[in-house]
Amino acid sequence: MTAFRFPIYALVLTGIILRGFALETFLAAVYEHAVILSGATPALVPREDALKLMNRNLDILEGAIKTAAEQGARIIVVPEDGIYGWVFTRETIYPYLEDIPESQVNWVPCDEPKRFGLNPVQERLSCMAKNYSIYVVANMGDKKSCNSSDPKCPSDGRYQYNTDVVYDSEGKFVARYHKYNLFASEIYFNYAKEPQFVNFDTPFGKLGVFTCADILNFGEPAVSLVEKFKVDTVLFPTAWTNTLPLLSAVQYYSAWAMGMRVNLLAANIHKPHLDITGSGIFAPEGPKVYHFDMETQNGKLLLAELDVYPRLSPTYPPRVNWSLYATSVKHFSPESQVFTGSIYCDNFTFTELSQEAGNFTVCQNGLCCHLSYKMTEKRKDEIYAFGAFDGLHVVQGEYYLQICTFLKCKSTDLKSCGQPVDTAHTRFDSFSLSGTFNTSYVFPEVLLTETQLAPREFQVLPDGRLISNDSISKPVLSVALFGRWYEKDSLQPLYTSP
Ligand SMILES: *[C@@H]1O[C@H](CO)[C@@H](O)[C@H](O)[C@H]1NC(C)=O
Ligand SMILES: *[C@@H]1O[C@H](CO)[C@@H](O)[C@H](O)[C@H]1NC(C)=O
Ligand SMILES: *[C@@H]1O[C@H](CO)[C@@H](O)[C@H](O)[C@H]1NC(C)=O
Ligand SMILES: *[C@@H]1O[C@H](CO)[C@@H](O)[C@H](O)[C@H]1NC(C)=O
Ligand SMILES: *[C@@H]1O[C@H](CO)[C@@H](O)[C@H](O)[C@H]1NC(C)=O
Ligand SMILES: *[C@@H]1O[C@H](CO)[C@@H](O)[C@H](O)[C@H]1NC(C)=O
């Protein structure tokens with residue numbers, strides 16, 4: 001007896017210690033900001049005018065930071081381009097830039113504002129972090145002068161970088177990240193020469209930082225931050241134009257956090273007339289809180305509790321083998337003809353879900369997708385299509401996709417399947433979606449009418465099936481397994497900086 005007692009006791013103790021860690025949470029905040037833009041067209045302004053505009057945005061951000069801190073938040077993320085917008089050329093953004101040093105300099109800009117020249121934006125961000133005692137994550141522009149000793153030096157003698165900066169709760173500058181995956185329109189910034197894996201320890205876990213298209217385009221630095229550096233929480237300033245049916249901000253971010261099994265703090269810009277809205281605090285189990293607002297012009301502060309160490313949580317989802325189920329079952333046969341339809345310029349192979357319930361298989365190239373579903377009622381005024389895509393996406397970025405999806409078509413014409421639509425009336429009692437993926441990076445999306453998410457209404461089984469738990473509470477816009485096959489990406493950036 002005694003021989004057994006000690007190991008069991010030790011095991012129980014270890015369990016308690018692990019559980020003690022797992023139950024540790026922290027309050028996080030993100031702010032969706034209705035940024036005040038520099039103008040309708042790019043114009044060269046003096047530095048004072050640039051500062052005036054940046055201070056107007058910083059005033060609003062300060063209000064959010066103060067409120068978040070008063071509610072007990074340990075960290076707040078504010079959006080990409082949140083201090084000056086995006087209406088620029090390479091010359092006209094210059095007055096908005098500051099020289100941002102490397103983060104190892106041990107610097108509290110609030111205490112030593114002149115140590116690296118005049119840097120009023122960095123000073124103000126640091127003072128906010130210090131004054132309100134909260135980690136602040138913001139996005140701004142960095143400038144680095146260069147000369148002919150560097151063969152890559154742009155002809156105007158400087159690099160300009162889209163940059164995330166992080167200050168700890170004492171105002172100390174702790175991280176700087178230069179965006180790697182610039183979006184096609186960001187011709188006023190230079191690419192970072194290589195991906196930077198910016199991560200650091202805090203009292204609430206290990207944090208990593210990247211920006212906007214970094215979450216979709218090339219796998220780095222995002223994948224290594226999660227898998228190699230094992231960050232617990234990703235800080236993600238973004239300025240994201242919603243692209244239905246599969247790439248609306250909250251839809252994709254939530255799916256990414258679930259697929260990568262990591263916390264994600266996503267702060268987006270708020271400009272509904274440009275389809276830019278959608279922020280949230282996402283955990284590996286699903287969204288904690290999210291915001292999507294096409295109605296008002298206002299910013300929005302979101303707060304939620306997250307696990308400090310999600311990997312130690314009893315609710316941490318198991319690793320998924322995304323192809324296990326799909327490669328082990330016999331193909332269902334499509335009952336109707338297949339047809340081609342385009343989603344964000346990718347040609348999917350589709351079949352129509354013409355009955356109230358059914359089992360289908362659709363294949364394209366090496367990917368076969370299986371779907372079993374039951375609608376609550378087959379309506380005459382709406383049609384749904386089920387499709388597969390296995391290929392290189394080449395519009396606004398080049399990246400390799402494997403996608404299985406079923407979605408509401410825009411009209412009752414099959415030609416409209418894949419086009420953006422934001423409302424639906426058809427409810428589903430159940431569905432099960434799977435695919436023969438060649439990648440382990442698959443992001444599970446369930447999007448309901450009016451771009452609403454479906455927390456706790458679905459799950460991913462360890463064999464790769466995305467299944468509904470029960471009948472879904474609202475009509476369904478789209479359900480997808482969004483796979484990224486990073487090894488097959490092309491390796492060239494889209495354009496060459498000057
Ligand atoms: C921070 O606090 C100091 C001292 O209370 C004050 O002078 C300063 O204006 C504050 N800065 C910000 C950014 O709130
Ligand atoms: C060119 O840049 C290098 C590295 O930044 C610097 O050491 C050097 O002094 C510069 N030369 C001139 C002529 O400015
Ligand atoms: C997934 O399961 C398949 C079929 O059993 C197996 O061949 C494959 O190695 C598994 N993949 C991973 C990543 O474990
Ligand atoms: C997609 O389909 C359209 C219409 O059938 C065709 O014109 C286009 O070339 C296709 N694109 C690709 C990349 O295959
Ligand atoms: C779909 O397949 C399942 C399991 O094989 C079967 O029970 C069900 O009856 C099928 N549904 C339809 C509508 O064919
Ligand atoms: C992709 O996966 C399918 C299904 O498991 C398999 O038949 C195929 O050989 C794989 N292709 C590559 C290039 O690995």
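Whatever order the structure lists ligands and atoms in, that order sets their numbers, starting from 1.
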**atom 1 (C) of ligand 4 - nearest protein heavy atom and its distance** = Asn347 ND2, 1.4 Å

**Item:** Heavy atoms from other residues, nucleotides or ligands near NZ of Lys410 exceed 12 (cutoff 6.0 Å)
**Value:** no

**Prompt:** How close does the nearest protein non-hydrogen atom get to atom 4 (C) of ligand 2, and which residue and atom is it?
**Reply:** Ser149 OG, 4.4 Å

**Item:** atom 11 (N) of ligand 4 touched by protein (heavy atom, under 4.0 Å)
**Value:** yes

**Asked** Are Lys144 and Tyr161 in a cation-pi setup, meaning NZ or CZ lies under 6.0 angstrom from the ring centre and within 45 degrees of the ring axis?
**Response** no

**Message:** Yes or no, since that's all I need: does a protein heavy atom fall within a distance strictly under 4.0 Å of atom 14 (O) of ligand 2?
**Reply:** yes

**Asked** Is the Phe339 ring parallel, tilted or perpendicular to the Phe350 ring (thresholds 30°, 60°)?
**Response** tilted

**Prompt:** Which is closest to atom 5 (O) of ligand 3 by heavy-atom distance: Thr436, Thr327, Asn321, Leu324?
**Reply:** Leu324

**Message:** If you scan the protein for heavy atoms around atom 7 (O) of ligand 2, do you find one that is closer than 4.0 Å?
**Reply:** no

**Message:** Check the orientation of Phe236 and Tyr253. Use parallel for under 30°, tilted for 30 to 60°, and perpendicular for over 60°.
**Reply:** perpendicular

**Prompt:** Does the Arg176 side chain pair with the main chain of Pro101, one donor and one acceptor, at a distance under 3.5 Å?
**Reply:** yes

**Item:** Top protein contact for atom 2 (O) of ligand 2, by heavy-atom distance
**Value:** Asn147 ND2, 2.5 Å

**Request:** Please tell me if the side chains of Ser313 and Glu285 come closer than 4.5 Å, counting only heavy atoms from C-beta onward.
**Result:** yes

